[in-house]
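Worksheet: one structure, shown below.
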Amino acid sequence: MDFQPIASLLQESMEGKKARIRGWIYRTRSSGGVAFVVLRDSTAILQCAVKKSQVPEKQFADAEKALLESAVEVEGIIKKDGRAPGGFEVQATSFRVKQFAQVFPISRDQSPEFLLDVRHLWIRSRELTAAAKVKATVLEAARAFFKSRGYWETTPPLIVSGACEGGSTLFDFNYFGKKAFLSQSAQLYLEALIYSLEKVYAITPSFRAEKSRTVRHLAEYWHIEGEEAYMDFEGLLKFEEELIAFICHQVAKERAEELKRLGRDPSDLLKIKPPFKRLKYEEAVSLLQKKGSSVQFGDDFGAEDEKLLTEHETQPLFVTHFPKKIKAFYMKQDLENPELVFGNDCLAPEGYGEIIGGSQREDDLKEIERRLKEQGSDPKDYEWYLDLRRFGSVPHSGFGLGAERLVRWICKLEHIRDATPFPRVINRSYP
Ligand code: ATP
Ligand code: MG
């Protein structure tokens with residue numbers, strides 16, 4: 001008989017059937033000749049009642065002795081039991097310890113810093129496991145959505161020679177004697193790829209040397225980026241809202257258990273529905289001022305502003321038409337008001353804030369050269385990128401979605417670090 005996933009045993013029809021499971025000890029106690037050992041595998045937890053009278057003497061002694069996180073294999077009969085977690089229990093006929101764990105360093109009420117030091121062990125927790133499964137489904141759903149829209153998955157480089165999102169958050173390193181950088185975004189490379197593939201996306205790490213501690217910045221995060229030839233700003237906003245809604249629905253359908261464990265009602269996600277509310281930057285500024293923010297026209301929104309804008313929302317919200325001064329050189333100018341650009345942020349509701357940055361890209365060579373000079377850059381440093389405007393330039397748009405930002409909102413995580421197994425933040429690259 002093969003080992004069975006624990007989750008497959010937790011149902012009425014299994015009552016009285018034989019079970020063979022393996023996993024790690026999640027909880028354990030013994031009383032009056034019975035050891036109650038709760039086992040955890042990747043699917044669920046299940047209590048095993050190991051009775052002195054039902055198993056060989058040595059196995060009972062092992063069951064009493066084995067500490068948390070010991071690796072064990074159990075055979076027995078499944079019984080309904082209202083007192084057991086999940087409502088079922090295995091009455092063991094065999095209890096084998098594959099490895100006796102040492103004293104597990106993690107117990108209740110430990111400091112966040114300590115838990116980060118032992119992150120390689122803490123990722124076994126049920127909350128981090130649930131968030132990891134949600135993330136896997138988010139990535140799977142994103143790929144499915146792109147595929148349904150005829151996009152090609154591509155593999156842009158992570159070692160690059162120039163900045164995309166501004167020099168202050170660039171990591172540099174020695175690349176065969178020359179300075180090179182870790183990519184902050186695949187955008188410029190995706191733009192190059194639309195001339196052969198038209199609709200492209202990439203899911204890659206992006207690196208940003210974020211020098212302050214926040215609950216929504218990592219130094220290394222997974223970036224879901226798409227770029228489409230001929231797509232205008234309106235088309236871009238529609239694509240973004242449909243992508244977000246699709247991911248939310250897939251996660252609600254496939255990860256309901258995990259969501260509930262994390263305190264998210266799956267029906268919140270099923271209600272996410274385009275069209276999302278849109279606010280022009282200017283309107284957002286007046287709204288913020290009414291809500292007491294000191295933000296002025298021309299300022300970039302901080303976390304507090306994004307929170308003010310979204311804390312009472314249940315649907316994501318777009319902010320559009322930003323002043324060009326606060327946005328990157330590649331965003332296309334608004335034809336009606338050249339001080340503004342066709343850029344958008346998509347903000348998650350409930351105060352979580354930005355999850356997507358997107359824009360229609362400037363496709364005119366002269367214009368983009370002018371914008372580069374305006375921001376103090378030398379167009380010569382962007383030669384290959386400018387070639388894209390010399391050879392068959394067409395209107396196009398694209399966006400970047402932070403996978404961990406999305407998971408943070410979906411899973412209601414306080415800190416973005418719990419949306420990734422081994423978070424990289426300022427001063428931490430261990431374990
Ligand atoms: P913010 O203003 O919040 O720092 P940004 O304007 O720098 O964001 P973009 O450059 O537009 O963000 O990047 C696209 C997306 O990548 C963001 O909408 C966000 O989801 C994600 N992102 C950006 N920086 C980080 C980071 N340091 N950690 C995790 N996700 C990030
Ligand atoms: Mg930033």
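Numbering of ligands and ligand atoms starts at 1, following listing order.
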Closest heavy-atom pair and its distance - Ala186, Ser183 |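 The answer is N-OG, 4.1 Å.
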Distance-only N or O hit between ligand 1 and Gly402, under 3.5 Å |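 Such a contact does occur with ligand 1.
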For Leu218, is at least one N or O under 3.5 Å away from an N or O on ligand 1?
->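 N/O-N/O distance under 3.5 Å: yes.
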Per-atom contacts, ligand 1 versus [X] - under 4.0 Å to a heavy atom:
{"X": "Ile416", "result": "29 (C)"}
{"X": "Ile355", "result": "18 (O), 19 (C), 20 (O)"}
{"X": "Gly357", "result": "11 (O), 18 (O)"}
{"X": "Ile356", "result": "18 (O)"}
{"X": "Glu210", "result": "24 (N), 26 (C), 27 (N)"}

Record the part of His223 in heavy-atom contact with ligand 1 below 4.0 Å; permitted values are side chain, backbone, both and neither.
->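 For His223, the contact with ligand 1 is made by the side chain alone.
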Mode of Arg405 contact toward ligand 1 - side chain, backbone, both, neither (heavy atoms, under 4.0 Å) =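 Under 4.0 Å from ligand 1, Arg405 contributes side-chain atoms alone.
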Say whether Gln184 and ligand 1 are in contact under the criterion: heavy-atom distance to a ligand atom below 4.0 Å.
->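 Distance cut 4.0 Å: Gln184 fails for ligand 1.
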Between Phe239 and Phe399, how do the two ring planes meet: parallel, tilted or perpendicular, split at 30° and 60°?
->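 Aromatic pair Phe239/Phe399 classed tilted.
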Contacts of type side-chain hydrogen bond (donor to acceptor under 3.5 Å, both in side chains), residue Lys277, not counting sequence neighbours =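 Partners of Lys277 under the side-chain hydrogen bond (donor to acceptor under 3.5 Å, both in side chains) test: Glu313.
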Could you state the interatomic distance from CD (Glu198) to CE (Met231), rounded to the nearest 0.5 Å?
->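 These two atoms lie 12.0 Å from each other.
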Do Phe233 and His321 have ring centres separated by under 6.0 Å?
->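 Ring-ring flag for Phe233/His321: true, centres closer than 6.0 Å.
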What residue pairs, at least two apart or across chains, pass side-chain hydrogen bond (donor to acceptor under 3.5 Å, both in side chains) with a residue in residues 127-140?
->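 Sorted pair list: Lys135-Glu404, Lys135-Thr420, Thr137-Arg255.
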Could you check Leu262, Asp268, Val251 and say which one makes a side chain to side chain contact (heavy atoms under 4.5 Å, CB included) with Ile410?
->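 Exactly one pass, corresponding to Val251.
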